[in-house]
Participant: 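The following block contains the structure, expressed as structure tokens.
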Amino acid sequence: MAQLIFKRLLISIFVLLAISVIIFAATLLLPGDPARAILGQQATPERLAALREQMDLDKPAVVRYFLWLGGLFTGDFGTSAATGGPVSQLLAPRIGNSIILMLLAAVVSVPVGLFFGIVSAIHRGKRRDSAITWVTLILAAMPEFVVGVGLITIFATTVFPILPAVTMSPPGTPVWKLPLQLILPTLTLALVVAPYIARMMRTTMAEVLDSGYVEMARLKGVPERTVILRHAVPHAIGPVAQVIAIQLAWLAGGVVVVEFLFRYPGIGQALIDAVTYRDVQVVQAITLLVAIVYIVVNLLADIVGIVTNPKLRK
């Protein structure tokens with residue numbers, strides 16, 4: 001098993017290197033001149049030349065890539081062209097805010113999705129199963145910004161104006177100081193993620209409940225609650241772990257739209273501002289961080305799958 005985990009770790013490292021090449025190449029294909037876009041009307045030839053030298057735009061693309069990659073290994077994400085300060089200093093508080101939002105969404109969505117998936121599988125073919133199936137299907141079909149606008153309409157504007165529609169914390173104030181402003185963004189992400197987990201849990205749980213060892217446990221007189229919690233749920237969690245990992249990894253990218261919708265001071269808002277002002281270093285850093293989250297979460301899901309399924313150890 002250790003060899004399999006080590007192999008997956010090596011593959012993840014190569015994937016991350018390939019993604020870094022794609023990210024750097026994609027920023028090179030952006031139209032326009034970043035230096036001219038930053039300077040705007042103050043773009044004189046002297047200032048353009050100085051800014052291009054500062055941003056290493058006067059060097060070949062290959063050299064710039066290895067300079068950028070070398071800085072990543074030392075924790076140097078470059079200098080923000082918009083603020084003039086280090087990218088790491090700009091993103092540090094925003095990364096913390098986004099992590100808080102993603103953790104809250106995960107804490108809510110994973111147990112809720114697993115619970116409703118188990119309930120739906122236990123009551124297969126009944127009204128409760130049909131209701132859960134239809135609700136999860138409708139929620140899964142809606143984009144996150146539609147869910148967010150719906151929650152704002154219900155709980156922040158016309159129906160029940162009890163929650164803030166946007167983030168109200170002043171600059172420099174931790175977001176958790178005003179917990180009410182975290183409710184709507186967290187619910188938006190949770191309502192987008194939980195349906196996929198519930199539907200996958202329902203499918204795998206139904207297969208496990210029809211398996212031979214579950215039937216044998218019931219024939220031996222084991223209480224139904226014990227059959228569900230001790231025999232069925234542990235065997236159903238393995239395949240669902242992959243779906244949970246994909247959904248949690250999606251949070252790193254999906255949080256961009258939700259943060260912009262609620263004006264939440266996280267990496268999503270920073271990414272949109274960086275694209276607007278052509279702050280290439282910030283765009284590269286945020287995109288690479290999202291890719292790292294995807295790779296790490298999927299690696300953890302592979303490890304969970306190997307641990308829970310003995311067949312994968314061979």
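Along the sequence shown, residues carry numbers from 1.
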Participant: Give me the atom names and distance for the closest heavy-atom approach of Tyr196 to Val243.
Facilitator: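 That would be O-CG1, 4.0 Å.
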
Participant: Here's a test for you: under side chain to side chain contact (heavy atoms under 4.5 Å, CB included), which of Val290, Ile19, Leu300 qualifies with Ile295?
Facilitator: Ile19

Participant: May I ask you to test the Val110-Leu248 pair for a side-chain heavy-atom distance under 4.5 Å?
Facilitator: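 Yes, their side chains come closer than 4.5 Å.
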
Participant: Identify the heavy atoms of Ile286 and Ile267 that sit nearest to each other, and give their distance.
Facilitator: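 Taking every non-hydrogen atom into account, CD1-O, 3.7 Å.
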
Participant: Strictly distance-based, threshold 3.5 Å: is any side-chain N or O of Thr167 a donor or acceptor partner for the main-chain N or O of Phe262?
Facilitator: yes

Participant: For the residue pair Val193 and Gln247, what are the closest heavy atoms and their distance?
Facilitator: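 Reported closest heavy-atom pair: CG1-CB, 3.4 Å.
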
Participant: Would you call Ile197 and Val112 a side-chain contact if the rule is heavy atoms closer than 4.5 Å?
Facilitator: no

Participant: How far apart are the closest heavy atoms of Met201 and Gly117, and which atoms are they?
Facilitator: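 Reported closest heavy-atom pair: CB-CA, 4.0 Å.
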
Participant: Side chains of Leu114 and Ile244: closer than 4.5 Å at any heavy-atom pair?
Facilitator: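 Touching, per the 4.5 Å side-chain cut-off.
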
Participant: Is the side chain of Glu144 donor-acceptor paired with the backbone N or O of Val192 at a distance under 3.5 Å, no angle test?
Facilitator: no

Participant: Quick check for you: to the nearest 0.5 Å, what is the distance between Met205 atom CE and Arg124 atom CZ?
Facilitator: 9.5 Å

Participant: Cluster question for you: counting only ILVMFWY and a side-chain heavy-atom cut-off of under 4.5 Å, with indirect links fine, are Leu261 and Val108 together?
Facilitator: no

Participant: Under 4.5 Å between side-chain heavy atoms, counting indirect links through other Ile/Leu/Val/Met/Phe/Trp/Tyr residues: same cluster for Ile162 and Val159 or not?
Facilitator: yes

Participant: Would you kindly check if the NZ (Lys) or CZ (Arg) of Arg64 is within the cone defined by 45 degrees around the ring axis of Phe66 and under 6.0 Å from the six-membered ring centre?
Facilitator: no

Participant: Can you hop from Ile22 to Val282 via hydrophobic side chains spaced under 4.5 Å?
Facilitator: no

Participant: Working to the nearest 0.5 Å, report the span between CZ of Phe115 and CD1 of Ile132.
Facilitator: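 It comes to 7.5 Å.
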
Participant: Flag the pair Leu271 / Val283 as yes when at least one side-chain heavy-atom distance between them is below 4.5 Å, and no otherwise.
Facilitator: yes

Participant: For residues Ser98 and Tyr264, is any side-chain donor paired with an opposing acceptor at under 3.5 Å?
Facilitator: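 Short answer, no.
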
Participant: Taking the side chain as every heavy atom from C-beta outward, state whether Trp68 and Leu288 have any atom pair closer than 4.5 Å.
Facilitator: yes

Participant: Following the transitive rule for hydrophobic clusters with a side-chain heavy-atom cut-off under 4.5 Å over Ile, Leu, Val, Met, Phe, Trp and Tyr, establish whether Val107 and Leu180 coincide in one cluster.
Facilitator: no

Participant: Report yes or no: does Thr157 contribute a side-chain atom to a donor-acceptor pair with the main-chain N or O of Ile152 at less than 3.5 Å?
Facilitator: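 Yes.
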
Participant: Taking side chain as C-beta onward, heavy atoms only, is Thr136 less than 4.5 Å from Phe116?
Facilitator: no

Participant: Measure the CG-CD distance between Leu69 and Gln284 for me, rounded to the nearest 0.5 Å.
Facilitator: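 CD of Gln284 is found 11.0 Å from CG of Leu69.
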
Participant: Report yes or no: do Trp134 and Leu139 belong to one cluster of Ile/Leu/Val/Met/Phe/Trp/Tyr joined by side chain heavy-atom distances under 4.5 Å?
Facilitator: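 Per the 4.5 Å side-chain linkage, Trp134 and Leu139 are not co-clustered.
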
Participant: Given side chains that start at C-beta, do those of Glu224 and Arg218 come closer than 4.5 Å, heavy atoms only?
Facilitator: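 Touching, per the 4.5 Å side-chain cut-off.
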
Participant: Which heavy atom of Ala156 sits nearest a heavy atom of Pro164, and at what distance?
Facilitator: CB-C, 4.2 Å

Participant: Does some side-chain heavy atom of Arg202 sit less than 4.5 Å from a side-chain heavy atom of Val119?
Facilitator: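 With C-beta onward as the side chain, the pair stays apart.
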
Participant: Minimum heavy-atom separation for Leu101 to Pro185, with atom names?
Facilitator: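 Between these two residues, the closest heavy atoms are CD1-CB, 3.6 Å.
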
Participant: Knowing that exactly one of Ile183, Ile154, Leu187 qualifies, which makes a side chain to side chain contact (heavy atoms under 4.5 Å, CB included) with Leu163?
Facilitator: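 Considering Ile183, Ile154, Leu187, a side chain to side chain contact (heavy atoms under 4.5 Å, CB included) with Leu163 is found only for Ile183.
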
